[in-house]
Amino acid sequence: MTTLKATSRVPSYCYQCVAGPDLLRVEVTDGVATEVRPNDAAAEVHPAGGKVCVKAFGLIQKTYNPNRIKTPMKRTNPRKGRNEDPGFVPISWDEALDTVAARLNVVREAGLYDGSGFPRVAASFGGGGTPTAYMGTFPAFLSALGAVDMSFGSGQGVKCYHSEHLYGELWHRAFTVSPDTPSAELVISFGANVEASGGVCGIRRHADARARGIKRIQVEPHLSVTGACSADWVPIRPKTDAAFLFAMVHVLVHEIGLDRLDVPFLRDTTSAPYLIAPNGYYLRDPATEKPLIWDATAGRAVPYDTEGADPALIGPFRASGLELGPDEVRWEHEGVSCRTAFDALTEHVGPYTPEWASAICDVPAARIRETAEAFHSHAHIGETVEVGGRTLPFRPVAISLGKTVNNGWGGYECCWARTLMACLVGGLEVPGGTLGTTVRLNRPADNRWSSVVPGRDGFMDYPMNTTKKGEWTTQGKSRHAHQALIPLAANSPWSQALGPTHLAWMMQKEGFDKLPKPTPPDVWFVYRTNPAISFWDTAAVSDAMANFPFTVAFAYTHDETNWTADILLPECTDLEGMQLIRIGGSKYVEQFWDHTGFALREPASEPQGEARDFSWISTELARRTGLLEEYNSAINRGAAGVRLKGKDWDFSLEADKVHSVEEIWDASCRAASAEVTDGAETRGLDWFREHGFRTKPFDRLRWYLYPAMVDQGLRFELPYQERLLRIGKELGARLHEAGITWWDRQLKEYEPMPHWQDLPKLWEDALEAGFGVDVGDYPFWLLTARSMQYSWGGNAGLQMIHEVAKNIAGHGGVVMNPQAARKLGLKEGDLVEVASPVGTTRGAVVLRHGIRPDTLLMLGQFDHWKTPYAKDLHMPSMNALMPMLLDLTDATGSGADLVKVKVTPLGVDA
Amino acid sequence: MTRWGIVADLNRCVGCQTCTAACKHANATAPGVQWRKVLDIEAGEFPDVRRSFLPVGCMHCDDAPCLDVCPSTATRKRADGLVTIDYDKCIGCGYCIVACPYQARSKVTQPARAFGGEQMRHEAKREDPARLNVAQKCTFCVDRIDAGLARGEVPGIDAEATPACVNSCIASALHFGDLEDPESNVSRLLAENQSFTMHPELGTGPGIHYLYDRDDNEGSQGDAPIEGDPEMVAEPVGMGGVVPKLQRAWDWRAATNFILGGTGSGLAVAGAVAGAPPVVFAVALLHVALGLFAVWLEIGRPWRFLNVFLHPARSWMSREALAAMPLFAFGGLTVLTGHPAAAALTGVFGMIFLYCRARILQAAKGIPAWRQQGIVGLIAATGLTEGTAALTVLAGLALMGGIAGVAQVPLAALCGALAVLVAVRHAAWRAYRRRLGETGAPVGAFEALDGAALRLTAGHQLVPLALLAAALVVPGATGAALAVSGAALALASGWAFKGVLITRAAFDQGYSLARFPARGAGKPARGVKPGWSLS
């Protein structure tokens, strides 16, 4: 372990949430970590001046928390369940590691896949991938194992921006989407709670934007902290955002009109001029099978990429050509009338007037119209700006979507309309406009530009899961069947974890007809996640994990998930372990840097008790399972964050040897240093210990995808979704051929342009059908909102976080409008029971005027019953109230945090 | 000259509490103690609602009430405007806590244990025993400022020399610098933006300024009126952290001191005027002594009690302590000798003591029910009434017991005087209450004062007056009994009033937001003062 000086400032980072990492220094006195500070030296390279999020200040208490598990432990009670005390007893590291290794060896001998074709080993990590910033070389060990099922989620699909991830990547390499805040003039935010979820970079960018006078209109049922920081608040009815957005598209297309939209952008950078053949697929050139456009100058249909063509946006036109349907169906057309995609859009949004949306959204039509007009007037159509030596369109308007808006049913509609709005004013992936931040489903995952690969029809390629006959299979390698059900979920290493992860849990309870027989994993690794609290229908999830035969939990404290574990391994927490990670570039949320490089997490404290560095644990597991060579090779390939061998350097580890934690990271530091300096420097661990990070400039031009698209002559696949229409038909055919009909509802989402469906009613119908209740008995919509102090941090058991979070209203209670409370005879602080058809929770009433009378809000999810400290706070959680239903699962496999509830007074909270 | 201050840009602040947490780290404050924090404030009714975040902490005021009241001179003000506390001098009386209208001060009595049990390693490492049982508050990270200046750095510009809260602010909402330097970062911000300070009506000259709008914000040209004092909202919801709270620094022990000290000093005055025998003065001194003993039990560092004398120049608590010296000296002399001159001087210093006590309350600017101008007359009238009532009781009981000569004046005269004093006290109460209603006060203060079982209202005071009047016309023991009853009731009224005033009506100032800030291109709006009302 590192020798600590008497008083020092140790470099580290906080990557507890996807909006990180934040670079920090930890003041250490006599070996005790005493204070977290921003790393002021990072001010020059970090987008928020090197500042550190509030959650990072919980790390010292996290380190010295007396409730930590400080020795390896094993379960002595073979029965599992909430009411079964596991009887954990301390054991030695040797016994713990040998037990795990022996189990893994048994599993490996039986074969990597079980009788159903699923990996015998499964692993679950929380926090949107951020645990990899703390698990050291464990990914290399998982790689050495060969096959690991990541499909048991801890919230993915339900608690994430799921639809946005999938459609965003499809349309503009946008796993997450962000306004170009530093340049934007107007942001219309549908429930995007960036002031709570944007991290220090997001908050700084928006604060700077406000200081220069940006207008942000916050459209959401309750006045979140982001709403508080916005110029306007529009209290929309829950889950009706799609109607508002459709009406905005209507205003632009029908009231403002094409002439005042960004015609060059639509014409040259989108599929708006593509001709639609009678069956709904593109009309194509029979020779090349390229989609046709109408060349207004030549007066005939030509392939979309014809040099010098003048694409017409408004038809129809009579043309001949080939139409390609699903499963290679071909139609030859002669002189048929074809609309352009823009024509189709115009017709499609015709009925979606502001007046129509007003009744649905409970927002005056004039306000919807004003919002759309403001979006158009602030777009500066026609203006350009110089970035990195290139002239790009300047469109300082953007729309952002929040959780429950951009996932679950309605997510497609909202994502489509939002991205389309950007296209209509030429504001997609250009300065000031709507940008993607990172890629996860396309490759390479660390570079958006490099992932811009030409595909068919002038669009970017996309790694869909196949829907082709003969190739499609139900025998996927994950327990949630993402390959069989979700073409858009793609096939990257992230796809499993993104999955429709609730299906994996649902299938444990009851398998789905015609899919492989559900099996529990033989070994389940759990780290930094607590799905027994953080998922939908937590009771069902807890029951499922109680049936897993052998669970290994890297455990910080006892919690509701590791309650079912067989082995608890206490790993070094954030301030005790060592790791080197990549920083900078453009990442999740609003992480747009002008630099890129690496940062070190240097131990700021000796490990408490017998906690061990995660990389030491990984190396020991590799050694004891006989996988040392594969493990070291994986590290050399970059599984621990950086490839150890480059074009002019080689710091590869000897494959057959055990390497210390410091040796591993020293090699990583040297390789990272070489990578950043193109081989000029090979600084080791000592240099990084002193300096903390090493970066190089990252060209701001790379924030924008537009240049990469233009350079390759590619178009954004909007407004018309011919590809989705086709794969939807093919998927339906495959499923029906396999006798699967329980996914039929989801198949309806594969529309070329989404129609409005009554989303609130969809939820109500699902509850009535699923539970036989009269939904009229459940008058409130229950929503949640992000707490910056808590979210992702796994810190519900930290006193200091609880203390400071309480300064923000709503934490720990049931937020309710006073008008609604009055009708129920409730006042501030009264204890209530909130019940959905599936469960109940309790909490004290917090009255706020900033919430619709038909809506309740619970910040975060806090119904812990085992996590020390947290279990004594008696805070409510909506998770136990959320039904895990197929009916509430959209075609991307996602749900949304939304349920109808009723409130019963329980008397005054003492 | 330098005047360090903070400028908080409310357009930028998102209420993240990073500054709150950074302060807790930098200053190792105990669980539950926040030298600074960010409030979450809401106003309006659905759907026309505003919400804003307001960073608060010690304002390092120009004219700091805490500085004036501190009897030990532990609280000082540096030339650069920083208000400091000498933990080794502070007696932990809590006076500064009730004097601060920004609720910036606190007192910790136990070592930090966030999870109970043993202290965590970092808690033990950073525990500062000197900070236990004394007043503590934000220092503007004075050590960082001084060390930075010594290194030639500029606080507010150089990170290491800047208060932790400001240096941690992720929204760049907090700025620190020299308010006296027109070229400083903070001065420029104040020059280019609209700003306010909190509770300007109290004349404290806070060192934290809040920006609420840019001078060049075109969006500000709206129709909504933003001028005027913040709107008092009597029944705000969801703002438990913002509304005035009952002060906890002074509890029943302080109330006992006010009750017994007032009665005792009033009795000394009444005894002197009435030519009472030495035993009456003994009773008076006993009251005062018991009161002081009660409050001695309350102070955090009781064995530093002599420090109470160190600030007679400005602290009414020091002055009261000093007045107590001759009061006890001459009172003791009176008890021993019965000399009229000693008795007269005892009365004089009793009156001074009583006046000091009234001024103690008035100087507590953090408690709206105490700082009202009429409080001095009311407390003085109450003390004199109680003293006279006590004397009347003693005289009446003596008469009933066949002991003559408790006072040189007849019982009837005592009754008459007491009746007049009861009326005067009632008038003082009315004046006080009327003024309180005019300036406004925390709703809880009104409820406590108006809801007490025994009050100084006309309705309640007519009973003792009637009894005293009856005593004047009814002769003998019956009359004496009536006098005792009336006086006892007058006495009890005063005690009840002070008990309520100190423990139940003593809501702190709470917080107010003078203007809701313009957010980006939005418009500012009139502010709010939650938990307050008029009348």
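As the structure is a prediction and not an experimental result, all values here were calculated from the model. In what follows, chains carry the letters A, B, and so on, assigned in the order in which the sequence lines appear, proteins first and then strands, with residues in each chain numbered from 1. The figures that follow rest on heavy atoms only: side chains count, while hydrogens, waters and symmetry mates do not.
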Compare all side-chain heavy atoms of A:Val225 with those of B:Phe53 and state whether any distance is below 4.5 angstrom. yes

Whatever's closer than 4.5 Å to a heavy atom in chain B on A:Ser230 counts as backbone

Could you tell me which non-hydrogen atom of B:Lys125 sits nearest to which non-hydrogen atom of A:Thr29, and how far apart they are? CE-O, 3.8 Å

So what's closer than 4.5 Å to chain B heavy atoms on A:Val804: side chain, backbone, both or neither? both

Among B:Gly44, B:Pro47, B:Ala164, which residue forms the greatest number of heavy-atom pairs with chain A at distances under 4.5 Å? B:Gly44

Closest heavy-atom pair and its distance - A:Ala809, B:Asp40: N-OD2, 2.9 Å

CG-CG distance between B:Asn167 and A:Asp40, expressed to the nearest 0.5 angstrom: 5.0 Å

For A:Phe57 and B:Ser168, work out which heavy atoms get closest and say how close. CZ-CB, 4.5 Å

Under 3.5 Å: donor-acceptor pair, side chain of A:Gln789, backbone of B:Gln17: no

Residue part contacting chain B, namely of A:Gln819, when any heavy atom lies under 4.5 Å: side chain

Closest-packed option against chain B by number of heavy-atom pairs under 4.5 Å, given A:Asn807, A:Ile203, A:Leu847: A:Asn807

Under a 4.5 Å heavy-atom cutoff, which of A:Val54, A:Val815, A:Thr63, A:Val234 has the most pairs with chain B? A:Val54

Determine whether A:Arg25 and B:Glu160 satisfy the following criterion, salt bridge (charged side-chain N to carboxylate O under 4.0 Å, His left out), listing intermediate values before the conclusion. CA-CA 13 Å; A:Arg25 290 258 180 194; B:Glu160 287 291 312; over 6 Å; no

Quick one: which residues of residues 112-119 of chain B reach chain A at under 4.5 angstrom, heavy atoms only? B:Ala114, B:Phe115

CD of A:Glu35 to NE2 of B:His122: how many Å apart, nearest 0.5 Å? 11.5 Å

Which pairs, with at least one residue in residues 15-35 of chain B and sequence neighbours excluded, count as a salt bridge (Lys or Arg N to Asp or Glu O under 4.0 Å)? A:Glu803-B:Lys24

Answer key: most heavy-atom pairs under 4.5 Å with chain B among A:Met816, A:Arg205, A:Gln608, A:Lys55 is A:Gln608

Minimum heavy-atom distance B:Arg126-A:Thr34, with the two atoms named: NH1-O, 3.4 Å

Side chain, backbone, both or neither: which part of A:Arg204 has a heavy atom under 4.5 Å from chain B? both

Electrostatic pair A:Asp30-B:Arg121, nearest N-O below 4.0 angstrom: no

Heavy-atom pairs under 4.5 Å with chain A: which of B:Gly32, B:Ser52, B:Ala159 has the most? B:Gly32

Select one option (side chain, backbone, both, neither) describing which atoms of A:Cys53 are under 4.5 Å from chain B's heavy atoms. backbone

Atom group of B:Val14 that falls short of 4.5 Å from chain A, counting heavy atoms: both

Among A:Glu185, A:Arg216, A:Glu27, A:Met800, the residue with the most heavy-atom pairs under 4.5 Å to chain B is A:Met800

If you apply the rule side-chain contact (heavy atoms from CB on, under 4.5 Å), what do you find for A:Lys51 with B:Thr18, and how did you get there? CA-CA 10 Å; A:Lys51 302 306 182 196; B:Thr18 304; over 6 Å; no

For B:Lys245, does the NZ atom have more than 12 heavy-atom neighbours from other residues, nucleotides or ligands under 6.0 Å away? yes

Do A:Glu195 and B:Arg51 sit within salt-bridge range, that is, some charged N less than 4.0 Å from a carboxylate O? no

So which of A:Ala207, A:Ala33, A:Ala209, A:Ala231 has the biggest tally of heavy-atom pairs under 4.5 Å with chain B? A:Ala207

Does atom CG (B:Asp48) have a neighbourhood of more than 12 heavy atoms from anything else shown, all under 6.0 Å? no

Most contacts with chain A, counted as non-hydrogen pairs under 4.5 angstrom, among B:Pro31, B:Gly15, B:Cys19, B:Gly241: B:Pro31

Looking only at B:Cys169, B:Ala124, B:Ala171, most heavy-atom pairs under 4.5 Å shared with chain A are made by B:Ala171

Does the ring-ring contact (aromatic ring centres under 6.0 Å, His included) test come out yes or no for A:His849 and B:Phe46, once each step is laid out? CA-CA 5 Å; A:His849 290 285; B:Phe46 181 86; 9.2 Å; no

Please report the interatomic distance CD(A:Gln218) to CZ(B:Arg519), rounded to the nearest 0.5 Å. 12.0 Å

Count the heavy-atom pairs under 4.5 Å between each of B:Ile170, B:Leu39, B:Val38, B:Asn193 and chain A, then report the option with the highest count. B:Ile170

NZ of A:Lys70: more than 12 outside heavy atoms within 6.0 angstrom? yes

Which pair of non-hydrogen atoms, one from A:Met788 and one from B:Cys16, has the smallest distance, and what is that distance? SD-CB, 3.5 Å

Is A:Ile851 in contact with chain B via its backbone, its side chain, both, or neither, using a 4.5 Å heavy-atom distance? backbone

What donor-acceptor contacts under 3.5 angstrom involve side-chain atoms of residues 233-240 of chain B, with partners at least two apart or in another chain?
none

Restricting to side-chain hydrogen bond (donor to acceptor under 3.5 Å, both in side chains), what partner residues turn up for A:Asp232, sequence neighbours left out? none

Scanning both residues in full, the closest heavy-atom pair of B:Asn11 with A:Arg210 reads O-NE, 2.6 Å

Take atom CD in A:Glu44; do more than 12 heavy atoms of anything else shown fall under 6.0 Å from it? no

Let me confirm one number: the CE-CZ distance from B:Met120 to A:Arg68, rounded to the nearest 0.5 Å. 12.0 Å

Using a 4.5 angstrom heavy-atom cutoff, name the option from A:Asn67, A:Asn817, A:Asn65, A:Val846 with the most pairs to chain B. A:Asn65

